[in-house]
Amino acid sequence: MTWFRCVETRPWASMRLFCLPHAGGSAVFYRTWARELGPAVEMHTVQYPGRADRMADPFVTDARQLARLIAGAMAPLLDRPAALFGHSMGAVLAYEVARLLQERGTPPVHLFVSGARPPHDRDDERVAGRDDDGVIAALAELGGTDAEVLQDEELRELVMPYIRNDFALIEDYEYRPEPRLNVPLTVLLGDKDSHVDEVTAAGWREATDAGPVRVKVFPGDHFYLVPKQSEVVAEILRTLEVPAGP
């Protein structure tokens, strides 16, 4: 099964945008972005194993291994400039993918990190080991719809294993300072995010040598980018200097 989902192939697009979902998320999270990105950008969203149409594929339990697999799968798609966007867990994975691509001589033109603490400043909160109600409570604190959906017992049984895997993967992540990233970086977050505030998010400036790093704050919680989709996409297009969609 392939690693990426592309809503619409755009042979004449000048750039590709690779989007990495949050813990417990899947490729469908970004599906509605494609139209707003417009014809100049072809979007590919990572589908992590163990969920949705990859339910039969085994989990990857190590963040660096997952980043290596994603970076390897990107290789045939790097025939044109590429940018990365990652939300929450996906932001840290996107950072690791960017470092791998840089090492291989094909660095992304830009890295967008959303709703995430910097890789060298992770918190000590552990969610993966909680019981189901504890995991759901953690999701509810972040906002979004995941916690509401998990009130359904049958659905909970289906999705809880990969939600736990993702939390364990990001909670076990250990930052390594080398190699240094030299890719332009933009940080995005919601002003009411209980997971990361503007001061903490500014720490991403230490994660790249290609400054200056811009921090853009939107109204909203951890999942601010759902109601503020148009504004987030506009920010991406502005930064990449490509025309907006219809």
Side-chain angles (χ1 to χ4, degrees), residues 15-23 25 29-30 33 36-37 41 43 45-46 63 67 81-102 107-125 141-144 170-171 173-244:
M15 184 173 297
R16 288 192 171 105
L17 176 68
F18 293 87
C19 297
L20 289 80
H22 54 283
F29 182 72
Y30 294 103
W33 284 31
E36 290 194 53
L37 282 167
V41 180
M43 183 181 72
T45 304
V46 175
L84 298 173
F85 182 101
H87 179 64
S88 199
M89 176 185 81
V92 175
L93 289 172
Y95 166 75
E96 290 293 344
V97 169
R99 294 208 290 184
L100 288 165
L101 295 177
Q102 178 180 275
V109 296
H110 206 93
L111 171 62
F112 298 90
V113 293
S114 165
R117 300 175 69 94
H120 56 276
D121 182 20
R122 310 304 298 166
D123 60 28
D124 297 325
E125 185 179 16
E141 184 183 339
L142 292 174
I170 197 61
E171 288 166 4
Y173 168 79
E174 293 182 4
Y175 170 71
R176 295 175 187 169
E178 299 294 335
R180 291 289 300 167
L181 185 66
N182 191 28
V183 168
L185 191 152
T186 297
V187 186
L188 306 93
L189 72 151
D191 62 358
K192 294 179 178 62
D193 192 332
S194 61
H195 174 64
V196 57
D197 58 24
E198 187 174 356
V199 173
T200 306
W204 276 98
R205 292 190 171 105
E206 298 174 36
T208 182
D209 292 333
V213 171
R214 184 158 183 249
V215 178
K216 176 72 174 175
V217 183
F218 295 85
D221 59 18
H222 188 63
F223 287 98
Y224 72 93
L225 67 174
V226 176
K228 294 297 179 183
Q229 174 181 306
S230 294
E231 292 91 329
V232 171
V233 170
E235 179 68 23
I236 292 169
L237 294 175
R238 247 191 325 269
T239 302
L240 297 177
E241 299 181 341
V242 294

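Inter-residue side-chain proximity for Phe29 and Cys19 is flagged as unmet; no heavy-atom pair is nearer than 4.5 Å. Side chains of Val232 and Tyr224 form a contact here, defined as non-hydrogen atoms less than 4.5 Å apart.
Heavy-atom minimum distance, Leu189 versus Ala201: CD2-CB, 4.0 Å. Shown here for Ala83 and Leu240, the closest heavy-atom pair between the two residues is CB-CD2, 4.0 Å. Listed here is the closest heavy atom pair of Ala116 and Ala91: CB-CB, 3.5 Å. Nearest heavy atoms, Gly115 versus Val196: C-CG1, 3.8 Å. For Asp191 against Pro219, the heavy-atom pair with the smallest separation is OD1-CA, 3.5 Å. Nearest heavy atoms, Pro119 versus Tyr95: CG-CE2, 3.6 Å.
The line from CZ of Phe85 to CG of Leu17 is 8.0 Å long, rounded to the nearest 0.5 Å. The CG atom of Leu185 sits 4.5 Å away from atom CG of Leu111, with the distance rounded to the nearest 0.5 Å. For the atom pair Arg214 CZ and Thr239 OG1, the distance stands at 6.5 Å (nearest 0.5 Å). The NE2 atom of His87 sits 15.5 Å away from atom CZ of Phe112, with the distance rounded to the nearest 0.5 Å. For the atom pair Leu84 CG and Leu93 CG, the distance stands at 11.0 Å (nearest 0.5 Å). For the atom pair CG of Leu37 and CG of Leu237, the computed distance is 5.5 Å after rounding to the nearest 0.5 Å.
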**Report entry** Residues Trp204, Val215; criterion side-chain contact (heavy atoms from CB on, under 4.5 Å); working and verdict
**Finding:** CA-CA 9 Å; Trp204 276 98; Val215 178; over 6 Å; no

Query - Working for side-chain contact (heavy atoms from CB on, under 4.5 Å), residues Leu142 and Phe223 - result: CA-CA 7 Å; Leu142 292 174; Phe223 287 98; 4.2 Å; yes

Report task. Go through Leu188 and Leu225 one step at a time and tell me if the side-chain contact (heavy atoms from CB on, under 4.5 Å) criterion holds. Result -> CA-CA 9 Å; Leu188 306 93; Leu225 67 174; over 6 Å; no

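Under the rule for a salt bridge (charged side-chain N to carboxylate O under 4.0 Å, His left out), the partners of Glu231 that lie at least two apart in sequence or sit in another chain are Lys228. Residues forming a salt bridge (charged side-chain N to carboxylate O under 4.0 Å, His left out) with Arg16 (at least two apart in sequence, or on another chain): Glu42, Asp79.
Annotation: salt bridge (charged side-chain N to carboxylate O under 4.0 Å, His left out) contacts involving residues 113-122, sequence neighbours excluded, comprise Arg117-Asp121.
Annotation: Gln229, atom CD; neighbour count of heavy atoms from other residues, nucleotides and ligands within 6.0 Å is above 12.
Between the Thr208 side chain and the Pro184 main chain, no donor and acceptor come within less than 3.5 Å of each other. Side-chain atoms of His222 never come within 3.5 Å of backbone atoms of Glu141 as a donor-acceptor pair (strictly under, hydrogens ignored). At distances below 3.5 Å, not a single donor-acceptor pair connects side-chain atoms of Asp193 with backbone N or O atoms of Asp221.
Below 30°, between 30° and 60°, or above 60°: for Tyr30 and Trp33 the angle between ring planes is above 60°, a perpendicular geometry.
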